[in-house]
Every structure is written in C-alpha cells, then in structure tokens.
Amino acid sequence: MRSGSAAGETPGVEVDIDSVRGGPARTLVEATVPADLVVVAAHRRTGRLGLQLGPVTHAPLHHAHCPVVLAPVTSSVGSGD
C-alpha cells in the first residue's frame with residue numbers, strides 16, 4: 001500500500017492507494033472499515049434518465065462503515081461508448 005498527500009495539492013490529506021483481488025463491491029465495502037471517508041467515481045452512461053448507478057456504486061452507499069462521497073465523472077473516457 002502506498003500513501004501520500006493528495007498529489008501534493010491538499011496538505012494534511014492522506015490518500016491510501018491499494019490494489020486487491022476480489023469482487024469489486026464487497027472489496028470496496030471492506031475497504032471502508034478503517035477509512036474516515038471514501039470517494040467513489042460515479043460513471044453514468046449517456047441516455048439514461050435519473051440517478052441510475054451500478055451495483056458497485058450502490059454497495060458502499062448502503063453498506064459502508066464511513067461516509068461516502070459520489071463524484072460524478074463527466075468524461076466519456078472508459079464509458080464504452
């Protein structure tokens with residue numbers, strides 16, 4: 001696991017980066033146990049109406065052990081379109 005400041009932009013904010021194996025939803029929820037806050041990128045495909053999120057995003061929203069922030073991703077990078 002690596003840790004450091006948020007790219008040097010926010011002094012006093014520690015960011016942990018970890019690579020693990022397992023189901024993404026369960027692994028993300030387990031990662032919230034020692035966390036103070038989790039930020040999840042919310043990718044939504046164009047053409048969908050309303051706030052329709054996938055199961056990986058829903059898992060920490062309903063089962064996290066700390067507050068969760070959804071950060072909407074506005075770029076089409078990685079959207080499969």
Side-chain angles (χ1 to χ4, degrees):
M1 182 182 296
R2 296 181 290 157
S3 23
S5 71
E9 298 173 11
T10 311
V13 174
E14 187 174 305
V15 177
D16 292 329
I17 301 169
D18 197 6
S19 178
V20 296
R21 291 181 179 244
R26 180 177 178 188
T27 302
L28 188 55
V29 170
E30 288 173 359
T32 68
V33 173
D36 295 322
L37 175 73
V38 172
V39 179
V40 178
H43 298 270
R44 289 185 278 165
R45 295 179 191 265
T46 56
R48 288 185 147 179
L49 300 174
L51 187 62
Q52 296 181 7
L53 303 170
V56 174
T57 304
H58 272 275
L61 288 175
H62 294 286
H63 304 290
H65 301 274
C66 67
V68 176
V69 173
L70 287 182
V73 176
T74 56
S75 172
S76 62
V77 174
S79 67
D81 294 336

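Values reported hereafter were calculated over all heavy atoms of this structure, with side chains retained and with hydrogens, waters and symmetry mates removed.
- Residues Val68 and Pro60 come closest through the heavy atom pair CG2-O, 3.5 Å.
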Practice prompt. Evaluate the side chain to side chain contact (heavy atoms under 4.5 Å, CB included) criterion for residues Cys66 and Thr32: first the C-alpha distance (whole Å), next the side-chain angles of each, then the deciding distance (0.1 Å), finally the verdict.
Written response: CA-CA 6 Å; Cys66 67; Thr32 68; 3.9 Å; yes
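- Residues satisfying the side chain to side chain contact (heavy atoms under 4.5 Å, CB included) criterion with Ala71, sequence neighbours excluded, are Val39.
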Going by atom type alone, with no hydrogens or angles, which donor-acceptor pairs under 3.5 Å involve a side-chain atom of residues 19-30 and a protein atom two or more places apart or on another chain?
residue : atom : partner : partner atom : Å
Arg26   : NE   : Glu30   : OE2          : 3.0
Thr27   : OG1  : Gly23   : O            : 2.7

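- Val69 is listed as a side-chain neighbour of Leu37, based on a closest heavy-atom distance under 4.5 Å.
- Closest non-hydrogen pair, Leu61 versus Thr57, comes out as CG-O, 3.4 Å.
- Summarising the geometry of Ala35 relative to Ala31, their closest heavy-atom pair is CB-O, 3.9 Å, with the distance given to 0.1 Å.
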